[in-house]
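The block underneath contains the structure these notes are about, expressed in structure tokens.
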Amino acid sequence: MYKQIGILTGGGDAPGLNAAIRAVVRTAVGEFGMKCIGIEDSFEGILGETHTVKLTTKSVSGILPRGGTILGTRNKGSFVRMVDGRPSIKEMPISEALANLDILGIEALIAIGGEGTLAIAEQFHRRGFPVIGVPKTIDNDLAATELTFGFMTAIDIATEALDRLHTTAASHDRVMVLEVMGRNTGWIALHAGLAGSADLILIPEIPFSYESIVQKVQAREESGSRFTNIVVAEGAKEVGGTEMYRDQSELRLGGIGDHIRHRVEEMTGKESRCVVLGHLQRGGSPNAFDRMLGTNFGACAVRALASGETGNMVALQAGTIVTVPLSEACANIKTVPTDGQLVRTARDIGISFAAPKQSILGEDAAFEARTSGS
Ligand code: F6P
């Protein structure tokens, strides 16, 4: 049994991180009699002059509902360098980090993070250091787990934003565009679009055409609905186009919402506005589900370490927490299946994805015609 383990959080913060930290500490200390050291600012905390903090059940008391992470986080840093404009995890300073872990008396590691953090954690495992990963991202784009904590809270925030935009859009007969996060996947847009009654959902997995957007706006107009709500994932792109970056050098997605607003206003003559929800989706208190999932992931991660597992990540599969190899967890991102049930449901209830297919365009127009006045 390990005497002392380390815990760190990496990547963008997500609601539920503190719930996971608290569960790790309470399980490690209370159930297994281990000591816990918090490594600050992701893997940066074990490089150079290390910065760590002793974690006790007392020191994690009260953090369950708190947003952010008490350990701090970094989504770039010494382990991820930009090479030719892309993040590269080659040439990581693993040896220096391992030497510092040894000095600190940390015998095993729990790394909580997204794709990048877990890929780094896997390198520690490859060098023989015991490590268990805990998945986290509001984007829900990790392939090996059905859900990550942070995602449900992000959907709640985006849904509330859509509800609020609904009433102002209807009052002014406007087109409202809500740009949400999600990197190169449309999970947040799809779920919030369904929950918040969007008329159009634009996701990276289904490239859109402006003609199809306009057709939907006009079909609604003709059926008596003089406003339209559009939710667009930050990574969405036009057919034949590429995603838009707010900051190309840092590869920060953004800007597509405003672009759509301009084009739709030009093409329809209707007043349009864009709201970029941004980091509001990540900040603040986790909802009940994310507190529960973070807690369960944290406790299961310690149990996995204590039972001798390493190189694995805890994952939610069919409602149960299992462990999967980190290599599998980082291999691919999970995209929205375009022929999946949720996309089909959205189409069935009249939501358009603005795909440029004639049949789908026809369906959108037919849906408005069939349901006008009903
Ligand atoms: O991965 C989480 C996420 O919030 C993405 O949805 C978004 O593209 C990105 O992080 C933004 O990162 P930053 O913290 O650099 O603004």
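Because the structure is a prediction, the values reported are computed rather than measured. When a ligand or atom number is given, it counts from 1 through the structure's own listing order.
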On the 0 to 90° scale, with breaks at 30° and 60°, tag the H191-W187 ring pair as parallel, tilted or perpendicular.
tilted
I'd like a table of the close N/O pairs between ligand 1 and the protein (anything under 3.5 Å), one pair per line with both atom names and the distance.
from     : atom 1 : to   : atom 2 : distance (Å)
ligand 1 : 1 (O)  : D139 : OD2    : 2.6
ligand 1 : 4 (O)  : R282 : NH1    : 2.9
ligand 1 : 6 (O)  : D139 : OD1    : 2.7
ligand 1 : 6 (O)  : G182 : N      : 3.2
ligand 1 : 6 (O)  : E234 : OE2    : 3.3
ligand 1 : 8 (O)  : E234 : OE1    : 3.4
ligand 1 : 8 (O)  : E234 : OE2    : 2.5
ligand 1 : 10 (O) : R282 : NH1    : 3.1
ligand 1 : 12 (O) : R282 : NH1    : 3.4
ligand 1 : 14 (O) : N75  : ND2    : 3.2
ligand 1 : 14 (O) : R282 : NH1    : 3.0
ligand 1 : 14 (O) : R282 : NH2    : 3.0
ligand 1 : 15 (O) : N75  : ND2    : 3.3
ligand 1 : 16 (O) : H279 : NE2    : 2.7

Spatial distance of atom CG (L109) from atom CZ (F129) [nearest 0.5 Å]
5.5 Å
So, T168 versus S171: side-chain donor-acceptor pair below 3.5 Å or not?
no
When you compare the side chains of D199 and N229, does any donor N or O come within less than 3.5 Å of an acceptor on the partner?
no
In a table with atom names and distances, give each donor-acceptor pair under 3.5 Å that connects a side chain of residues 301-311 to protein atoms at least two apart or in another chain.
from : atom 1 : to   : atom 2 : distance (Å)
S307 : OG     : R303 : O      : 3.2
S307 : OG     : A304 : O      : 3.0
E309 : OE1    : N312 : ND2    : 2.8
E309 : OE1    : T323 : OG1    : 2.8
T310 : OG1    : H125 : ND1    : 3.2
T310 : OG1    : V131 : N      : 3.0

Hey, are the side chains of E211 and M267 touching, using non-hydrogen atoms and a 4.5 Å cut-off?
yes
